[in-house]
Amino acid sequence: MSTDVRTILVAAPDAATGELLGRALVQERLAACANIVSGVVSLYRWQGEVRRDTEVLIVVKTTREQVEAVRARVVELHPYDVPEVLTLTVDDGHAPYLDWVRAEAAGS
């Protein structure tokens, strides 16, 4: 059984960009929380070649209703041509935490 809470993963080139994106989403009440995980090493294929970059991972907690708005805002603010914005369904969780996410990601 899934909930209406969603986790969105966003990779960013550095901590400053991660903080800019996370702060915008939380301040605009599109998300309840954004964790910035440093030291992520990304190996990927881009424009025909394999690349390696150090990035940060932003773990965004929001609701199903806010997913499209979060995606649009990330794409608007992100420096990458094709930013990673992956939405994961939260199947279960601590009820008070899920309630808090719903209350805080209530939109502006």
Side-chain angles (χ1 to χ4, degrees):
M1 176 170 134
S2 68
T3 72
D4 63 334
V5 173
R6 300 293 184 264
T7 298
I8 300 177
L9 304 178
V10 179
D14 52 50
T17 302
E19 187 156 341
L20 176 118
L21 292 166
R23 184 173 299 279
L25 296 173
V26 172
Q27 283 182 334
E28 295 169 21
R29 300 204 61 173
L30 299 176
C33 177
N35 304 111
I36 301 167
V37 183
S38 297
V40 173
V41 174
S42 296
L43 301 167
Y44 59 99
R45 183 176 298 280
W46 181 250
Q47 299 179 339
E49 67 181 72
V50 175
R51 297 188 184 194
R52 179 193 186 279
D53 284 309
T54 302
E55 298 180 297
V56 299
L57 181 65
I58 311 160
V59 182
V60 179
K61 274 70 86 180
T62 191
T63 61
R64 177 180 52 237
E65 294 77 20
Q66 295 288 29
V67 167
E68 288 302 321
V70 168
R71 182 184 354 256
R73 192 68 169 125
V74 168
V75 169
E76 177 184 356
L77 296 174
H78 207 291
Y80 290 171
D81 292 336
V82 182
E84 171 186 355
V85 185
L86 299 175
T87 303
L88 308 174
T89 301
V90 175
D91 290 332
D92 195 12
H94 183 51
Y97 181 83
L98 298 176
D99 290 342
W100 172 77
V101 170
R102 290 180 193 105
E104 295 303 320
S108 52

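- V75 approaches P83 most closely through the heavy-atom pair CG2-CG, 4.1 Å.
- Contact check for V40 versus V56: no side-chain heavy atoms found under the 4.5 Å cut-off.
- Within the structure, ring pair (Phe, Tyr, Trp, His ring centres under 6.0 Å) contacts touching residues 13-39 (residues at least two apart or in different chains) do not occur.
- Heavy-atom minimum distance, E104 versus A32: CB-CB, 3.6 Å.
- For the side-chain hydrogen bond (donor to acceptor under 3.5 Å, both in side chains) test, residues two or more places apart in sequence or in another chain that qualify with E55 are S42, Y80.
- Two residues are said to be in side-chain contact when any heavy atoms from C-beta on lie closer than 4.5 Å; T62 and V5 fail this criterion.
- Among residue pairs with one or both ends in residues 69-86, those qualifying as salt bridge (charged side-chain N to carboxylate O under 4.0 Å, His left out) are E28-R73, E68-R71, R73-E76; sequence neighbours excluded.
- Residues L88 and V37 share a single hydrophobic cluster, defined by chaining ILVMFWY side chains whose heavy atoms lie under 4.5 Å apart.
- Side-chain contact between C33 and V60: absent, with no pair of heavy atoms (C-beta onward) separated by less than 4.5 Å.
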Can you list, pair by pair, the side-chain donor-acceptor contacts under 3.5 Å of residues 43-53, counting residues two or more places apart and other chains?
from	atom 1	to	atom 2	distance (Å)
Y44	OH	D53	OD2	2.3

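- Applying the side-chain hydrogen bond (donor to acceptor under 3.5 Å, both in side chains) test to residues at least two apart or on different chains, the pairs with a partner in residues 91-100 are D99-R102.
- Remark: E65 engages no residue in a salt bridge (Lys or Arg N to Asp or Glu O under 4.0 Å) (not counting sequence neighbours).
- Within the 4.5 Å cutoff, no side-chain heavy atoms of V10 are placed close to those of L57.
- Proximity of a side-chain donor or acceptor of R6 to a complementary backbone N or O of V67 within less than 3.5 Å is not detected.
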Under 3.5 Å, which donor-acceptor pairs do the side chains of residues 11-25 form with other protein atoms, sequence neighbours left out?
from	atom 1	to	atom 2	distance (Å)
D14	OD1	A16	N	3.3
D14	OD1	T17	N	2.7
D14	OD1	T17	OG1	2.8
E19	OE2	R23	NH2	3.1

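- Of the possible donor and acceptor atoms, none in the side chain of T87 sits under 3.5 Å from a partner among the backbone N and O of I8.
- Under a hydrophobic clustering in which Ile, Leu, Val, Met, Phe, Trp and Tyr are joined whenever their side-chain heavy atoms come within less than 4.5 Å, directly or via other members, L9 and V74 fall into different clusters.
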